[in-house]
Amino acid sequence: MLEKTYQPSEIEGRIYKSWEDEGCFAAGAGATGENAETFSIVIPPPNVTGSLHMGHALNNTLQDILVRFERMRGKDVLWQPGTDHAGIATQMVVERQLAESQQPDRHALGRDAFITKIWEWKAESGDTITNQLKRLGASCDWSRDRFTMDEGLSDAVLKTFVQLYNDGLIYKDKRLVNWDPEFRTAISDLEVENIEVDGHMWHFKYPLADGETYEYVEKDADGNETLRETRDYISIATTRPETMLGDGAVAVHPSDERYAPIVGKLCEIPVGPKEHRRFIPIITDDYPDPEFGSGAVKITGAHDFNDYEVARRGNIPMYRLMDEVADMRDDGVPYAEASKLAMELVEAGGEPDRTYVDTINLVPDEYRGLDRFTARKRVVADCDAEGLMIKVEDKKVMQPFGDRSRVVIEPMLTDQWFCNAEELAKPAISAVENDDTKFFPKNWEKTYFEWMRNIQPWCISRQLWWGHQIPAWYGPDGEIFVAESEADARAAAEETHGAGVELTRDPDVLDTWFSSALWPFSTLGWPEQTPELARYYPTSVLITGFDIIFFWVARMMMFGLHTMKDETGAPQIPFNDVYIHALVRDEDGKKMSKSEGNVIDPVDLIQGIGIDDLVAKRTTGLRKPEIAPTVAKETRKRYPDGFDAYGADALRFTLAVMAAMGRDIKLSVDRVAGYRNFGTKLWNASRFAQMNECATSEDFDPASAHHVINRWIIGATAETAGEVTRALEAYRYNDAADAIYRFTWHTYCDWYVELIKPLLNGSDEDAKVETRKTAAWALDHVLKLLHPFMPFITEELWDKLAEHGRDRPRRLMLSSWPALEGLSSDDASAEVDWVIALVTEIRSVRSEMNVPAGTKIPLELIDPSREVMRRIDRHTDTIERLARLDEMTPVDEPSKGAAQIVVGETTMALPLAGVMDVDTEAERLRKEITKHQSEIAKIGKKLSNAQFLEKAPDHVVAEQKSRQTDAEALVAKLEEALARIESMA
RNA sequence: GGGACCAUAGCUCAGCGGGAGAGCGCUCGCCUCACACGCGAGAGGUCGCUGGUUCAAUCCCAGCUGGUCCCACCA
């Protein structure tokens with residue numbers, strides 16, 4: 001016998017182990033045969049050293065639901081799991097650990113020793129996330145678990161890199177990139193987060209060379225002069241004064257008449273030792289906006305993306321001012337000499353080949369070695385002291401931050417590897433345009449197109465140690481040899497240099513997303529032509545969050561289409577569908593984040609956590625430690641008792657039912673509790689079945705059930721199975737979850753179980769036997785339909801409820817999905833709906849008239865039809881039990897002082913003389929009548945509209961007419977009832 | 001500046017061209033022989049505003065208001 005309540009913690013681990021031990025997760029498990037249709041999903045690989053957060057829980061729940069659904073449908077299913085090496089994130093964690101334990105940092109350790117440390121950390125913590133996914137119930141084929149730095153996947157990376165290099169789609173270049181001074185590496189545009197911060201805009205005078213002057217004239221829109229003065233300077237505005245040191249020119253718009261007199265002349269950069277000041281030309285370019293600031297822009301090609309483009313157009317020299325930690329450079333020749341070299345460039349009229357970016361250090365000696373922000377203060381102070389600062393304004397400025405390091409990103413001109421994304425994007429755009437790959441919901445396609453059509457070169461090199469080292473070797477003259485192995489590179493090098501040539505490998509590693517981009521085929525064995533690759537590629541659907549559409553989805557599309565070809569040589573998409581789900585937020589709609597202290601850890605919801613532990617967890621790791629008391633108070637207020645052990649099923653169901661397409665999920669712990677209760681409800685319905693010896697029987701044929709109540713539940717089960725199936729096929733998780741929830745609780749438990757109690761305790765043996773079988777059959781179907789959402793409790797009940805046999809395999813997860821077309825029965829549902837309506841009406845009146853719940857009362861049927869009497873006879877025990885009646889008798893006229901109800905075409909009366917107040921009852925009837933009359937009026941207005949009759953479809957008109965007829969009949973009955981009551985008053 | 005999304009019950013959200021729904025919360029009554037993590041009965045909404053299309057608009061279109069997010073960005 002089942003325990004009284006379901007205890008998830010006792011059961012989940014045991015069930016999961018059975019599935020694993022029995023090979024239920026293996027690719028193809030449960031498939032109907034050799035020719036079964038395939039269904040494959042690759043998991044979005046979590047960071048190998050990470051731990052499960054609510055986003056993972058949602059993502060993997062949605063995948064598992066589909067995978068379990070399709071597996072039960074008999075498809076050949078593969079859910080490919082794996083983890084990502086997460087370059088920066090992992091290296092960061094290990095570096096922090098070294099610092100915390102006061103060990104030598106990575107530079108002191110050296111590259112090999114440091115990487116060994118990371119592998120150790122991976123070995124130590126790498127199982128965490130996998131085990132957490134298992135607790136969630138994820139039915140991945142763990143035997144195929146992959147890691148982006150596995151040998152096979154590393155081969156895939158090498159091969160792809162070499163191939164793209166040979167195709168001319170990967171190249172090395174010196175370009176302006178986003179530099180993260182904390183991690184001392186380049187990062188891609190996507191890893192930069194622009195945040196508005198309080199800043200300043202400083203206005204400085206750049207004096208003209210040789211004391212020259214000009215007439216500065218400003219005019220308004222009508223051409224009237226508003227200002228005229230003689231100036232010996234040009235006014236420059238900047239938010240980053242420290243970059244003045246690297247200016248190569250001052251640019252004005254060609255149409256800007258204010259500065260026309262001085263275009264081509266030189267002006268002085270007003271910083272540094274006076275005797276060695278540099279002069280730079282005033283040039284024209286379309287970039288400056290005459291309406292903004294002074295209309296004149298300083299051009300610092302090596303430290304600003306817009307300036308970089310201007311400098312390239314105009315051959316303006318670019319000078320790197322900072323080192324790898326973004327401190328002002330402290331290398332090379334003294335400033336005086338560097339400044340002289342720079343002046344030579346000006347005299348030469350520019351610098352087309354950017355040779356001096358690194359060799360000339362234009363940082364004045366007294367600023368060398370300062371960090372950027374100190375240097376800024378010094379430059380401002382020095383200019384101000386010289387009287388060259390015109391003004392300073394407070395201004396909101398957008399500042400770029402590293403998404404992981406949280407430090408200000410510095411644009412830096414460095415040598416990096418790039419991928420020609422523009423070229424790779426072309427087929428990736430067409431594939432979506434042609435619907436070869438479809439997004440759900442579709443509006444994400446627009447986001448995808450928007451980004452892909454404006455895509456920039458992708459910087460793929462990182463100056464990190466943890467990752468795939470770039471397979472490029474440099475020869476003695478700096479030539480590049482790109483090859484899959486050092487031996488191949490050497491062979492190529494020896495062709496020109498002869499044997500024994502010295503080669504050095506490029507120390508950089510690849511962006512983590514480079515290997516992720518290969519995930520759909522690298523995990524299936526590529527570059528080997530494995531059977532799995534042939535069978536499961538392209539994958540069926542990718543399920544992921546919108547936040548990595550650019551990082552990951554777009555790049556998989558690009559690399560997949562470029563690399564994978566079918567038998568005819570046509571490019572192959574990596575996945576047919578892309579389902580984009582929302583973010584999981586906290587109850588207030590805020591993004592969950594450790595530094596805010598509002599994280600809800602999925603594992604805590606699954607296994608429970610006490611309030612003290614919860615508070616402790618939320619108050620450690622806050623970005624602002626001073627808010628800890630507030631966080632603690634809020635947490636205690638909101639969750640006074642912490643979290644119960646709600647179990648994985650409850651969490652999964654909550655996420656599924658809230659996962660309506662295209663909307664963020666505000667996770668509510670109350671709802672998780674609600675669906676835990678739902679599990680208990682199912683558990684108790686099963687106990688009921690068990691106590692009443694309801695067992696499935698292989699000889700039971702639902703199509704041949706006789707009893708109307710049984711035929712009704714069979715039809716409703718079939719209908720629900722259809723709803724759930726259709727919803728899941730369309731990725732409408734919430735509709736599917738909702739349908740099975742409603743059926744389980746409100747149809748099966750609330751009505752069916754109550755309706756059959758008299759049958760199970762009655763004397764009709766045939767009915768009893770059939771009902772037991774039907775109850776078990778319907779419950780089995782509930783378990784099946786619910787299994788993808790709540791795998792643990794359903795599997796446990798499947799195991800406990802009946803013997804296993806031909807139609808009832810040992811494991812629910814490998815049983816067959818219900819296909820019940822053609823089992824509906826309209827006549828049964830009409831009759832049962834009538835019984836339900838009758839019981840509901842009686843209960844309602846009893847409650848309104850305050851009849852004590854324990855009191856049994858009689859029911860009078862006024863002039864009932866034969867059909868009504870037949871129904872009453874068939875369901876006497878049931879109706880009396882559910883409505884708490886002691887007898888039901890046909891009468892011609894109701895007793896005096898009886899409350900009257902109308903069910904279908906029959907008026908019935910509940911004699912409540914002495915209990916019931918006549919006026920109250922009259923009032924109740926009048927209210928009822930008014931309600932229906934207003935409906936009749938509404939419909940009447942429609943039906944008297946000639947336009948409506950003419951233009952509306954026939955079935956709509958017919959429906960309105962029948963509604964009108966029904967309502968009129970009901971009102972007539974109610975009015976009769978009211979007349980009887982009034983005659984008594 | 002470009003783009004996407006949202007506004008429906010107290011809260012969180014479904015829905016959708018022809019009869020306003022769920023969960024939670026709330027009120028009232030019940031320890032009714034599966035379940036108090038429960039049972040029964042209720043209260044509660046001019047479906048953001050203004051126009052338009054239509055026989056018919058909560059739903060489609062336009063504008064407005066308020067909010068969220070993404071991308072880009074003026075030195």
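All values below come from the heavy atoms of this structure, side chains included, with hydrogens, waters and symmetry mates left out. Labels below follow one simple rule: chain letters A, B, ... track the order of the sequence lines, proteins then strands, and each chain is numbered from 1.
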Carboxylate-amine/guanidinium proximity below 4.0 Å for Arg924(A) and Glu921(A): yes

Would the base of A34(B) count as contacting Glu754(A) through its side chain, where contact means a donor and an acceptor less than 3.5 Å apart? yes

Could you tell me whether Glu693(A) and Lys768(A) have a side-chain N and a carboxylate O separated by less than 4.0 Å? no

Trp745(A) vs C39(B): side-chain N/O to OP1/OP2 distance below 4.0 Å: yes

Among G18(B), C70(B), C5(B), which is the nearest nucleotide to the side chain of Asn443(A)? C5(B)

If you compare every side-chain N and O of Lys446(A) against the phosphate oxygens of A4(B) (OP1, OP2), does one of them come in below 4.0 Å? yes

Side chain of Asn945(A) (C-beta onward), nearest among A34(B), C55(B), A75(B): C55(B)

Taking the P atom of each, how far is C6(B) from C28(B), in whole Å? 39 Å

Round to the nearest Å and state the distance from Arg742(A) atom CZ to G15(B) atom C1'. 11 Å

Among the candidates C71(B), C74(B), G18(B), find the nucleotide nearest to the side-chain atoms of Tyr287(A). C74(B)

Looking at Lys442(A), does any N or O in its side chain come under 4.0 Å of the phosphate oxygens OP1/OP2 on A4(B)? no

Classify Pro852(A) by what it touches in the nucleic acid, base, sugar-phosphate, or nothing, heavy-atom distance under 4.0 Å. nothing

Salt bridge check, Arg742(A) against Glu723(A): does any charged N sit closer than 4.0 Å to a carboxylate O? yes

Could you give the CH2-to-P distance, from Trp683(A) to A36(B), as a whole number of Å? 15 Å

Less than 4.0 angstrom between a side-chain N/O of Arg671(A) and OP1 or OP2 of G23(B), yes or no? no

Taking for each residue the nucleotide of RNA chain B bearing the nearest heavy atom, is the 5' side occupied by Phe688(A) or by Thr840(A)? Phe688(A)

Distance criterion of 3.5 Å, no angle test: do you see the side chain of Arg676(A) paired donor-to-acceptor with the base of C37(B)? yes

For Glu880(A), is there an ion pair with Lys856(A) - N to carboxylate O distance below 4.0 angstrom? no

Heavy-atom nearest nucleotide on RNA chain B taken for Glu935(A) and for Met398(A); more 5' hit belongs to Glu935(A)

The ring-ring contact (aromatic ring centres under 6.0 Å, His included) partner of Phe546(A) among Trp552(A), Trp444(A), Trp451(A) is Trp444(A)

P atoms of C11(B) and C47(B), separation to the nearest Å: 16 Å

Take atom CD of Glu422(A) as the centre, draw a 6.0 Å sphere, and report whether it contains more than 12 heavy atoms from other residues, nucleotides or ligands. no

Using atom NZ of Lys951(A) as one end and atom P of U53(B) as the other, report the distance to the nearest whole Å. 13 Å

Would you measure the distance from the P atom in C73(B) across to the matching atom in G15(B) and give it in whole Å? 36 Å

Short side-chain N/O contact from Lys938(A) to OP1 or OP2 of A56(B), under 4.0 Å: no

For Ser844(A), answer base if it contacts any base atom (sugar-phosphate contacts may also be present), sugar-phosphate if it contacts only those atoms, and nothing otherwise; contact means non-hydrogen atoms under 4.0 Å. sugar-phosphate

So if I take every side-chain heavy atom of Met691(A) and compare against A41(B), G18(B), A34(B), which nucleotide ends up nearest? A34(B)

Tyr259(A) has an atom OH; how far is it from atom C1' of A75(B), in whole Å? 12 Å

Using whole Å, what does the distance between atom C1' of nucleotide U27(B) and atom CD of Glu848(A) come to? 14 Å

When you look at Glu841(A) and Ser844(A), which way does the side chain to side chain donor-acceptor pair (under 3.5 Å) test go after all the steps? CA-CA 5 Å; Glu841(A) 275 294 320; Ser844(A) 179; 5.7 Å; no

If I pick the P atom on G48(B) and the same atom on A41(B), what distance separates them, to the nearest angstrom? 30 Å

Looking at Lys666(A), I'd like to know whether one of its side-chain N or O atoms comes within less than 4.0 Å of OP1 or OP2 on C13(B). yes

Would you mind classifying the nucleic acid contact of Asp750(A) as base, sugar-phosphate or nothing, using non-hydrogen atoms under 4.0 angstrom? sugar-phosphate

Ile740(A) CD1 - A14(B) P separation (whole Å): 21 Å

Can a side chain N or O of Ser668(A) be found less than 4.0 Å away from OP1 or OP2 on C11(B)? no

Which part of the nucleic acid does Arg240(A) contact within heavy-atom distance under 4.0 Å: base, sugar-phosphate only, or nothing? nothing

Measure from OH on Tyr6(A) to P on C37(B) and round the result to the nearest Å. 18 Å

What do you reckon, are the aromatic ring centroids of Tyr579(A) and Tyr733(A) less than 6.0 Å apart? yes

Give the nucleotide from the list C35(B), C24(B), A75(B) with an atom nearest to the side chain of Asp670(A). C24(B)

For atom C1', what is the distance between C26(B) and A9(B), given to the nearest Å? 12 Å

Are OP1 or OP2 of G23(B) and a side-chain N or O of His746(A) less than 4.0 angstrom apart? yes

Rounded to whole Å, CG of Asp649(A) lies from C1' of C37(B) at a distance of 15 Å

Side-chain N or O of Asn684(A) versus OP1/OP2 of C37(B): is the shortest distance under 4.0 Å? no

Write down the distance separating the P atoms in C59(B) and C69(B), rounded off to the nearest Å. 27 Å

